[in-house]
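Have a look at the structure below, then the notes.
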Amino acid sequence: MLDKTLNPGAFETRLYEGWERSGAFAADPASNAVPFTIMIPPPNVTGSLHIGHALTMTIQDTLVRWRRMQGRDALWQPGTDHAGIATQMVVERLLAAEGKPDRRAMGRQVFTDRVWQWKAESGGTITQQLRRLGASLDWPRERFTMDEGLSVAVREVFVTLHKQGLIYRDRRLVNWDPKLLTAISDLEVESREMKGSLWYLRYPVEGKPGEFITVATTRPETMLGDTAVAVHPEDARFAALVGKRVIVPLVGRAIPVVADEYSDPEKGTGAVKITPAHDFNDFEVGRRHGVAMPTVLDPEARVSLDEIAADLRAVEGVADPDFVRGLAGQDRFVARKAIVARLEELGLLEKVEPHSNQVPHGDRGGVPIEPRLTWQWYCDAGTLAKPCIEAVETGRMRFVPKQWENTFFAWMRDIQPWCVSRQLWWGHQIPAWYAPDGTIFVERTEDEARAAARAKFGAEVALERDPDVLDTWFSSALWPFSTLGWPERTAEVARYYPGDVLVTGFDIIFFWVARMMMMGQHFMDGQVPFRDIYIHGLVRDEKGQKMSKSKGNVMDPLELIDAYGADALRFTICALTGPGRDVKLGRKRVEDHRSFVTKIWNASRFLEMNGVAPNATWDPASATSPLARWILDAANRAVAEATTALEAYRFDDYASACYRFVWNSYCDWFIEFAKPVLNGPDGAEKDEVKGAAQHVLGTILRLLHPAIPFVTEELWDHFGYGPDYSLIRAPWPEAVAVAEAEAAREELDWVVKLVSEVRTMRAEMNVAPSITTPLLLRDATPESLARAARWIEAIRRLGRVTEIAPLQGDPPKGVAQVVVGETTVMLPLEGVIDFAAERTRLAKARGAAEGEIRKVQAKLGNPDFVARAKEEVVEENRERLVAFQAEIARLDAALARISA
RNA sequence: GGGCGCUUAGCUCAGCGGUAGAGCGCUUCGUUUACACCGAAGAUGCCGGGGGUUCGAAUCCCUCAGCGCCCA
C-alpha cells in the first residue's frame, strides 16, 4: 500500500540508479528508430548546479523523455567544457590557499598536471548534481572538451581553417585583461558605469606660443601615446588648425591635428586626443590618418616607455622628459594622478568635470580591460557566419521564439574577427611552431611541423611551439560533432548529427549558438548543427530581480529538491516557462506546484485502496458506460493537447493541460462519480469503472512522466503497470477509440451542471451541510429524468440530495429554484430558506442573463453584423439569444412562484 | 542614440479579431472513509492612455507613457 504521505526523497535516488543501470538513458546507434538528439550546451567544469541550469536541463530532459517515449532513439549528450580562464583561476587560488608556489614558479607542465588532478577530484560536481534533477543523460558518452578525442578535433579544425586562410595571425587591438594577462573576447567584456572625470588638457600649437587646442579626455595617462588630435571636418572652430601640429605636453612630441568625423563637436571641446594603441576608436582614426601607434602600457597596465623613450623631447614649460621617465613602471591609475598633477603645475590643465562613463571590465578578472596592440590568432568569423545567416533566413535552422532571429542577425551580420588565442596554460595549445627566422608551421603534430620545416629549409631547425591556448569557445563550437567522434567517420556522427534542438538562454546566442553554427556548417558539409534553437528566459526571483550572490536572492535547486522533491521543481519550471519570457521563481511557486504532485499520489492511493490495478487486457473500445466513455474521451483530448504543446515547445501549455485534466476532470469528477460504484456491488459496472480508472491512470502517468519522472515511475512500478523502471521507456499515450463520446459528454456535462447548480444554490442560501433535500424537476424531458435516475447515487453524494422526482402539481411552498437547461430544479427548503436571499439570487441570475441578451441583441440588431460577419458567428449569436431568453423566462417563473 | 520585449483580477501569467481565463491569494462554509499540499461556493477586470482600421479590437495599425533587456 502506498504511504499516506508522499516522500520523494524515499525513492528518487533509487529510481535514478535503476534507470541508469537498466540502460534507459542510452542511445542505441544500432536501432532502427528515428534518432532524437540534444547536445547539452556543456556546462563549465568549475560550475555547480544553479537554478538557471535547473531550468534549461529540465526543459531538455522533458523533451528527451517525451521523444524517447515516442519511440525515438534519444541521445542526450552530456559533458562539460574546460573553461580556460575560470579553471586556471580556481587552481591558482587553490595553490595560493595551500601556500604553494604560483604557476610560474611551478612551470607549465606541473601546473597543468595539477589542473587535471583538480578536474579529477572536483570537476564532476555538476554532472553529479544533474542526476538529482532527474536528467536522463547518456552518461557513458560523457565528454570533456580537453579529452584526447576532442583535442584531435580541435587541432584538425585549427589546421584546416589555417590552410583555408580562415585562421590567421594578426597584430590588432585586443581586449587585454591586465590582471589575468590574456586577451579576452568582446563577449567576455562587460561595461560598468563608473563615476570618473573629464579632464580638459591644453595642447600648445606648434610655433604659436600662447595658443592651445584643448582636448577633453577620460584617460589622461594615455596621452603618453598620443599621435594625433582629431576635430570634426565641419567644425569651423578648428578649421584653421587642421594640418597644423600641436605639442603633446610632458613628452614634447609634435602631432598633427587631423579632420575626422569620429570627433563629435558636441562632446567635450570638440577636439579629441588620439591614442591609437590604447583605444578601439582611436585605433581606427589612427589607421585612417597613418599616424604612429606607440604602446605606452605594459601587459600589467604599467607605464612602459620602450616605444617612446627615443622621441621624448624637452619643451620649456610644456614637456619634461625627466618627469615622464619617472613614470616608467607605475600603474596606470597612479600614473594618471601624477600626470594630472604635473599638467596642473604647468598650467596645461584647463578644468576637470565630474563625468560618468561606461568602462569595459573583464568579466572574470573584474578589472578594467586595457586595449593593447598584440599579435594574436584570429578566425575569419565574417566568412563563417555567412552560411549560418543564410540557414536561418531559409528556415533550415529555426529560432523558437522567432523574435530571437533579429538579435542573431544583428550580431552575425556585423561580426568581428574572432580572436581565438588566449595567454593561458589551461586549454588546447595552439598547433603552431615557429622557426628561428619567424616562419610559422601550423600542423596537426610536432612531427608534421618538423617535416614541413625540413621541407622548407632543407635541414633540421629548432622549432618553438606557440605557448598560447585556444579560446574555450573554440572547442565548444565543435561540440555537436566532436563529441560523436569526429574527425573519425563514426556511426554516431552519421546518425546523431545534426541535432534536433539546442536549448539555451538568450544570453548564450552569441556563444554556443553562433559558434556551433559556424563550425558545424563549415566542417559538416554545410549541414546545420541543430534544426531548432529553443531560447528560454532567465530565472529571476519573485520580484523579477536577476539572481545574484551579491543580492543574496539566489535559490539553490538542490535545496529546493530536498524540500519539495525534484518533480515539484521540474513541474514548476515547466508550468512557468512560457515563450520568450523570463521565469520568476520563488519558493512559494515550487510549494504551490508540489500540491499537484501530491494530488496525483493521493488519487493513486485512493484507487489502490479500492482495488484498482493495471489490466492490460481491458479494452477501452469495449466501454459502454457514459462515465468510462467520458473520462476516456477527456483523456484523449488531454493527450492531444499535451502532445501539441510539447511539439510547439509550449511547456506552460503542456503543464496546464495535464493539470486541468488530472485535477479538474479525473479527480474532481471522475473519481467522485466512481465512488458510489466502487462502494457498490461487484459486477460489470464496477469492472468497467475500474477498467477505465486503471487505464486512464496509466495514461496520466505516461503523460506526466517527462515533467514528473520520479513520482510517475514510482507509481507505475508500484501498481505494476510494467516491470520496475519501465515507465521511462513506456510508449507515449495516443488517443483510444471511444464509442458515442458525444453522448457521454452531454450526459456527464448535464450531471456536472446539475450538481454545481445545486451546490451553488445551497451555498448562497446558507443551507447547512447537514440538511439534505429531494430535487423536484419541473418541465424535465424524459431524457433528463432518465439521467437523474442513472446518476442518483452520485448526485446524492455530491449535491446532498435525497431523491429526485418530477414535480407533480404545484410546487410546494418554500422552494429554492435553479434553471438547468430546459428544467427548473427545485429544492424544497420550507423553514430553511431565506426568501429575500433567494429573490436576490434569482434576480442576480436574471440580471446576468439580461446583460448577455442586451449584448447579443445589439449585435444582431446591427444590419452590418448580420450581413458581414461569418455565418456561423451570426448563427451562434442567434442560438445564444434564444437560450438566454428561455432562461429568463424560467427565472421569471421562479421569481413569480416566490412572490405568489 | 539604435533594436527587442513587456503593460490583462491583489500577485504571477495564459489568451492575440467574434460569450474576458488559470494558478496563487482573499471571503464564507466544510472531520461525507484519497488528499487541509484537501473539498464546496463566492467576490474581484474602463485587458496602460489616446487615436485609427473593422460589422466587431484585450487581440491588427499609429501614437504617447511607464518598465525591462540587448547593442552603441
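Letters go in sequence order (proteins before strands), and every chain restarts at 1. All values reported here derive from a predicted model rather than from experimental measurement.
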- By side-chain contact (heavy atoms from CB on, under 4.5 Å), which residues pair with A/A768, not counting sequence neighbours? A/S770, A/I771
- Rounded distance in Å - CD (A/E190) to P (B/C70): 10 Å
- For B/A58 and B/G48, measure between their C1' atoms and round to the nearest Å. 12 Å
- Item | A/Y721/A/L715 under side chain to side chain contact (heavy atoms under 4.5 Å, CB included): CA gap, chis, key distance, verdict | CA-CA 9 Å; A/Y721 278 98; A/L715 292 170; over 6 Å; no
- Could you give the CH2-to-C1' distance, from A/W601 to B/C37, as a whole number of Å? 14 Å
- Query: Which whole number of Å gives the distance between the C1' atom of B/A72 and that of B/A14?
  - Reply: 36 Å
- Message: I'd like the P distance from B/U59 over to B/U54, given in whole Å.
- Response: 16 Å
- Task: Could you pull out all residues at least two apart from A/R797 that satisfy side-chain contact (heavy atoms from CB on, under 4.5 Å)?
- Result: A/E672, A/K675, A/P676, A/N679
- Do the ring planes of A/Y666 and A/F661 sit parallel (below 30°), tilted (30 to 60°) or perpendicular (above 60°)? tilted
- Return the value, rounded to whole Å, for the distance between atom CD1 of A/I415 and atom P of B/A72. 13 Å
- Can you list every pair that meets salt bridge (Lys or Arg N to Asp or Glu O under 4.0 Å) and has a residue in residues 753-765 of chain A, with sequence neighbours left out? A/K753-A/E757
- Message: So if I take every side-chain heavy atom of A/R581 and compare against B/U54, B/C37, B/A14, which nucleotide ends up nearest?
- Response: B/A14
- May I ask you to evaluate whether A/R650 reaches the phosphate of B/G15, defined as a side-chain N or O under 4.0 Å from OP1 or OP2? yes
- Taking atom C1' in both B/G45 and B/C13, what distance in whole Å separates the two? 15 Å
- Using a 3.5 Å cut-off on both pairing distances, which stems of three or more Watson-Crick or G-U pairs include RNA chain B? B:1-7 with B:65-71, B:10-13 with B:21-24, B:26-30 with B:38-42, B:48-52 with B:60-64
- Using a 4.0 Å heavy-atom cut-off across all strands, classify A/R759 as base, sugar-phosphate, or nothing. sugar-phosphate
- Item | Contact state string [nucleotides 21-34 of chain B, B base, S sugar-phosphate only, - no protein heavy atom under 4.0 Å] | --SS-----S-B-B
- Please state the P separation for the pair B/C47 and B/G21 - nearest whole angstrom. 14 Å
- Assign each of A/G578 and A/K844 to its nearest nucleotide of RNA chain B by heavy atoms, then name whichever residue's nucleotide is nearer the 5' end. A/G578
- Partner residues of A/L860 under the side-chain contact (heavy atoms from CB on, under 4.5 Å) criterion, sequence neighbours left out: A/V856, A/F865, A/V874, A/N877, A/R878, A/L881
- Task: Determine which pairs satisfy side chain to side chain donor-acceptor pair (under 3.5 Å) with at least one residue from residues 588-598 of chain A, sequence neighbours left out, and list them in order.
- Result: A/Y564-A/E591, A/K588-A/D592
- Scan A/R762 against the nucleic acid and name what it touches under 4.0 Å (heavy atoms): base, sugar-phosphate only, or nothing. nothing
- Message: Once ring-ring contact (aromatic ring centres under 6.0 Å, His included) is applied, do any residues pair with A/F719, and if so which ones, sequence neighbours excluded?
- Response: none
- Examine the base of B/C37 for any acceptor or donor lying under 3.5 Å from a partner atom in the side chain of A/S595, and report the outcome as yes or no. no
- Task: Please work out if A/E764 contacts a base, only the sugar-phosphate, or nothing of the nucleic acid, heavy-atom cut-off 4.0 Å.
- Result: sugar-phosphate
- Query: Partners of A/E647 by side-chain contact (heavy atoms from CB on, under 4.5 Å), sequence neighbours excluded?
  - Reply: A/W66, A/T643
- How do A/F596 and A/D653 order along RNA chain B: which one's closest nucleotide is nearer the 5' end? A/D653
- Query: If you check the A/S756 side chain, which of B/G18, B/A14, B/A41 turns out closest?
  - Reply: B/A41
